[in-house]
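A short write-up of the structure that comes next.
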Amino acid sequence: MSTRKASLTEKQAKNGTSKYVLERCASINEYYDIAFKVMLLGDSAVGKTCLLVRFKDGAFLGGNFIATVGIDFRIWDTAGQERFRSVTHAYYRDAQALLLLYDITSKPSFDNIRAWLTEIHEHAQKDVVIMLLGNKSDMAAERVVKTEDGEKLAKEYGVPFMETSAKTGVNVDLAFQAIGKELKHRATQQPNEPKFQIHDYIESQKHKTGCCGP
Ligand SMILES: Nc1nc2c(ncn2[C@@H]2O[C@H](COP(=O)(O)OP(=O)(O)OP(=O)(O)O)[C@@H](O)[C@H]2O)c(=O)[nH]1
């Protein structure tokens, strides 16, 4: 089952909706015991589509991660523009995980994170896994949002955080892997098994790979 490839089967990028649906070639039920719906959210132009494409062209197509954990992801890339917000809400309800992005070179995109989190709490499942990502970490010269500010906000809301670059690939796989492991543990955890600590996992992997520079 590890030889199957994912393909981007729907693209409406340039008509303003920028929605990709990452879809498996065959019915997931034929191959997987568990399937999760993961969504990318955040203001327009923060890099949601690029992050998904980076992941899909890297670890995802390589197949290792998916094959190892035996989980299929369906990842929904949403439109960041306000006018599509009501459409986006409709998809929150059954998402198991949300990757919420801002752009480290855009203060407004960071300031809007609180509004996004309010919306998420209104529309998403109560136990949805949320991760905050400060994208475009390669653009050091244009940075206007400090790493500490991202960390502080994430801590306030109790969600994991990391800075990513869809351009260089920094932390992209780690973000998806951490989400995948958390979801898998939730779905398969035995009563006496310790809870998966996503924050600890991220910190340990960052240090192991030395992955967190721009
Ligand atoms: N330098 C750099 N540029 C990036 C990165 N990620 C995205 N970009 C650029 O940012 C712009 C917007 O990226 P998209 O991925 O289309 O943004 P989006 O969040 O999907 O935007 P909407 O579809 O409007 O919601 C593009 O010009 C990308 O090339 C990154 O990590 N580093």
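Numbering of ligands and ligand atoms starts at 1, following listing order.
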Between [X] (side chain only) and [Y] (backbone N and O only), is there a donor and an acceptor less than 3.5 Å apart?
{"X": "Q177", "Y": "L174", "value": "no"}
{"X": "R186", "Y": "F196", "value": "no"}
{"X": "S165", "Y": "S137", "value": "no"}
{"X": "R54", "Y": "V172", "value": "no"}

Numbering the atoms of ligand 1 from 1, which are under 4.0 Å from a heavy atom of [X]?
{"X": "K48", "value": "15 (O), 17 (O), 18 (P), 19 (O), 20 (O), 21 (O), 22 (P), 25 (O)"}
{"X": "T49", "value": "15 (O), 20 (O)"}
{"X": "N135", "value": "5 (C), 6 (N), 31 (O)"}
{"X": "D43", "value": "19 (O)"}
{"X": "S165", "value": "31 (O)"}

Carefully, step by step, assess T118 and I120 under the rule side chain to side chain contact (heavy atoms under 4.5 Å, CB included). CA-CA 5 Å; T118 301; I120 287 168; over 6 Å; no

Mind running side chain to side chain donor-acceptor pair (under 3.5 Å) on N135 and D103 for me, showing each step along the way? CA-CA 5 Å; N135 192 41; D103 171 354; over 6 Å; no

At under 4.0 Å between heavy atoms, is it the side chain or the backbone of D138 that contacts ligand 1, or both, or neither? side chain

Check: S137 N/O within less than 3.5 Å of ligand 1 N/O: no

Are any of the N/O atoms in A166 less than 3.5 Å from those in ligand 1? yes

Which pairs, with at least one residue in residues 150-160 and sequence neighbours excluded, count as a salt bridge (Lys or Arg N to Asp or Glu O under 4.0 Å)?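 Those involving residues 150-160 are R114-E156.
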
Check each of K167, K136, R54, M139 against atom 4 (C) of ligand 1 and report the one with the nearest heavy atom. K136

